[in-house]
2 protein chains.
Amino acid sequence: MNIMTVIQAGELLRDAGLKRTPQRAAVLDYLARAGTHPTADEVFAAVNRRLPRASRATVYNALRALREAGLIQEVRFDAAVARYEVNLMPHHHFICRVCGGFEDVAAADVQPRVRLKDGYQVEGCELTVRGVCATCGERGQPRRARQRV
Amino acid sequence: MNIMTVIQAGELLRDAGLKRTPQRAAVLDYLARAGTHPTADEVFAAVNRRLPRASRATVYNALRALREAGLIQEVRFDAAVARYEVNLMPHHHFICRVCGGFEDVAAADVQPRVRLKDGYQVEGCELTVRGVCATCGERGQPRRARQRV
DNA sequence: TTATCTGCAAACGCTTTGCATCGGA
DNA sequence: TCCGATGCAAAGCGTTTGCAGATAA
């Protein structure tokens with residue numbers, strides 16, 4: 001899913017027991033269209049463009065509410081800053097050692113077989129794959145580090 | 001490895017091109033003995049117990065130097081706070097949904113098969129397994145959340 | 001001897017919170 | 001109407017940095 005209509009956003013919010021405010025809808029809509037892993041500040045910038053009176057605190061509050069409702073996911077990769085993405089199909093992440101860029105990896109492309117001690121129940125797993133992306137592999141060193149998305 | 005002698009710590013530091021200071025040795029020694037995933041603050045508390053004049057800044061500096069030297073590893077799991085562990089055998093992590101505790105999972109118990117797009121080189125991967133640990137599974141709900149280690 | 005590290009304090013960046021007001025249901 | 005969300009500002013927390021003095025090599 002790459003497009004989330006305003007109506008869909010409203011339904012998702014209502015189903016999650018959250019009020020449908022323009023700010024929350026804007027956050028959800030932006031994340032759904034982004035296709036990247038925006039930071040809270042990037043979400044704020046986008047939301048603020050559409051709703052100039054929207055504040056950082058509101059965006060942070062909205063991100064938390066959406067996360068707790070299970071509508072979006074928080075990823076941290078290496079850094080302290082949180083990044084967000086809508087909950088679509090289960091997937092994993094690839095981080096390029098050279099340019100630092102992030103990419104999604106479809107869960108279908110990964111088959112982790114996990115054996116834990118007796119009594120441990122596995123409910124899911126997240127894989128972070130590290131390596132070098134095709135672009136960086138071609139030219140050896142990137143002219144400049146790719147923007148982390 | 002669960003024991004790191006002061007001599008070993010000194011060798012590791014020297015091999016990494018770092019000066020062997022009592023503070024750094026204390027950080028390394030504590031992490032090697034810990035068997036958990038201490039936060040910077042927990043490392044500071046432990047180091048400060050042995051070296052009462054050691055400061056937080058020094059511990060943070062030491063943790064960064066050791067990380068950049070590849071002697072220790074930083075893990076973040078979900079949270080903003082960084083946690084540290086010595087670089088031993090490659091391994092993954094298990095996080096209990098109920099008590100929030102972390103545990104190591106030997107890499108041998110995981111066989112991730114990753115297929116990426118052409119040109120992508122995989123250098124390694126970190127798996128975070130989520131579920132319920134044996135203790136929490138037995139008693140349904142924990143009396144109190146286990147300390148995250 | 002000298003580059004490096006320590007310790008202190010202050011700054012920094014990201015995130016949360018208190019509170020009065022506003023607005024969706 | 002009324003509970004919950006917004007917006008502002010200020011605080012909180014983990015971490016980094018500047019700098020003078022100390023120290024390992």
Side-chain angles (χ1 to χ4, degrees), chain A residues 6-7 9-28 37-69 71-84 148, chain B residues 6-7 9-28 37-69 71-84 148:
Chain A
V6 175
I7 294 168
E11 283 172 359
L12 288 170
L13 288 168
R14 176 156 35 78
D15 293 350
L18 298 173
K19 284 190 180 174
R20 188 205 166 283
T21 67
Q23 294 84 347
R24 286 174 177 177
V27 167
L28 209 42
H37 307 86
T39 62
D41 207 61
E42 288 163 351
V43 176
F44 165 70
V47 169
N48 195 256
R49 225 172 289 131
R50 278 168 58 173
L51 305 169
R53 288 185 44 76
S55 71
R56 253 186 193 76
T58 296
V59 170
Y60 274 101
N61 287 337
L63 287 170
R64 175 157 53 161
L66 295 172
R67 170 165 49 83
E68 288 175 351
L71 295 181
I72 65 175
Q73 213 161 354
E74 194 181 273
V75 290
R76 291 203 180 253
F77 302 120
D78 285 333
V81 293
R83 290 171 175 274
Y84 299 89
R148 296 164 79 99
Chain B
V6 176
I7 294 168
E11 283 172 358
L12 287 169
L13 288 166
R14 176 157 35 76
D15 292 351
L18 298 173
K19 285 192 178 173
R20 188 205 166 283
T21 68
Q23 294 83 348
R24 286 175 177 175
V27 167
L28 209 43
H37 307 87
T39 62
D41 207 62
E42 289 163 352
V43 176
F44 166 70
V47 169
N48 195 256
R49 225 172 288 132
R50 277 167 58 174
L51 305 169
R53 289 186 42 77
S55 72
R56 254 188 191 78
T58 295
V59 169
Y60 274 101
N61 287 338
L63 286 170
R64 175 155 55 158
L66 294 172
R67 169 165 48 85
E68 288 175 351
L71 295 180
I72 65 174
Q73 214 160 353
E74 194 180 274
V75 291
R76 289 203 181 252
F77 303 119
D78 285 332
V81 293
R83 290 172 176 272
Y84 299 89
R148 296 165 78 99

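Lettering of chains follows the sequences in order, A, B, ..., and the numbering in each one begins at 1. This structure is a prediction, so every number in the text was calculated from the model and none was measured.
Among the protein residues, B:A62 comes within range of no part of the nucleic acid, since none of its heavy atoms lies under 4.0 Å from any strand. Heavy atoms of A:A65 sit nowhere under 4.0 angstrom from any nucleic acid atom. Using a 4.0 Å heavy-atom cutoff across all strands shown, A:D41 reaches no nucleic acid atom at all. Counting non-hydrogen atoms under 4.0 angstrom, A:T58 reaches a base of the nucleic acid. Note on B:A54: only backbone sugar-phosphate atoms sit closer than 4.0 angstrom, heavy atoms only; bases stay farther off.
For A:F44 and D:dG7, the CZ to P distance is 10 Å, given to the nearest whole Å. Atom pair A:N61:CG and C:dA20:C1' shows a separation of 15 Å (rounding to whole Å applied). When rounded to the nearest whole Å, the span between CG of A:L66 and P of D:dA5 equals 11 Å. Regarding A:L51, its CG atom lies at a distance of 14 Å from the C1' atom of C:dG23, rounded to whole Å. Per the geometry, CZ belonging to A:R76 stands 11 Å off P belonging to D:dT15, to the nearest Å. Straight-line distance from the CZ atom of A:R24 to the C1' atom of C:dC22: 14 Å, rounded to whole Å. Rounded to an integer number of Å, the gap from A:R14 CZ to C:dA25 P is 9 Å. We find that CD of B:E42 is positioned 13 Å from C1' of D:dG14, with the value rounded to whole Å.
What you find for A:Y84 and A:I72 is that their closest heavy atoms are CD2-CD1, 3.9 Å. For A:L63 against A:V27, the heavy-atom pair with the smallest separation is CD2-CG1, 3.7 Å. Closest approach of B:K19 to B:R24, counting heavy atoms only: O-NH1, 3.3 Å. The nearest pair of heavy atoms linking B:Q23 to B:A54 is CG-CB, 4.4 Å.
Taking side-chain N and O atoms only, A:R56 has no distance below 4.0 Å to OP1 or OP2 of C:dT15. The phosphate of C:dT17 has OP1 or OP2 within less than 4.0 Å of a side-chain N or O from A:R64. Considering only side-chain N and O atoms, A:Y60 lies nowhere under 4.0 angstrom from the phosphate OP1 or OP2 of C:dT16. Applying the 4.0 Å criterion to OP1 and OP2 of D:dT23, one finds that B:Q23 has every side-chain N and O outside that range. Between A:R53 and D:dC8 there is a side-chain N or O to OP1 or OP2 distance below 4.0 Å. Distances shown here put a side-chain N or O of B:T21 below 4.0 Å from the OP1 or OP2 atom of C:dT6.
Checking side-chain atoms of A:R83 against main-chain N and O of A:H37 turns up a donor-acceptor pair under 3.5 Å. A:R76 places a side-chain N or O within 3.5 Å of a backbone atom of B:D78 that can act as its donor or acceptor partner.
Positionally, the nearest nucleotide of DNA chain D for B:R67 lies more toward the 5' end than for the other of B:R67 and B:K19.
Distances from the side chain of A:L18 to the nucleotides D:dA24, D:dA5, C:dA9 place D:dA5 closest.
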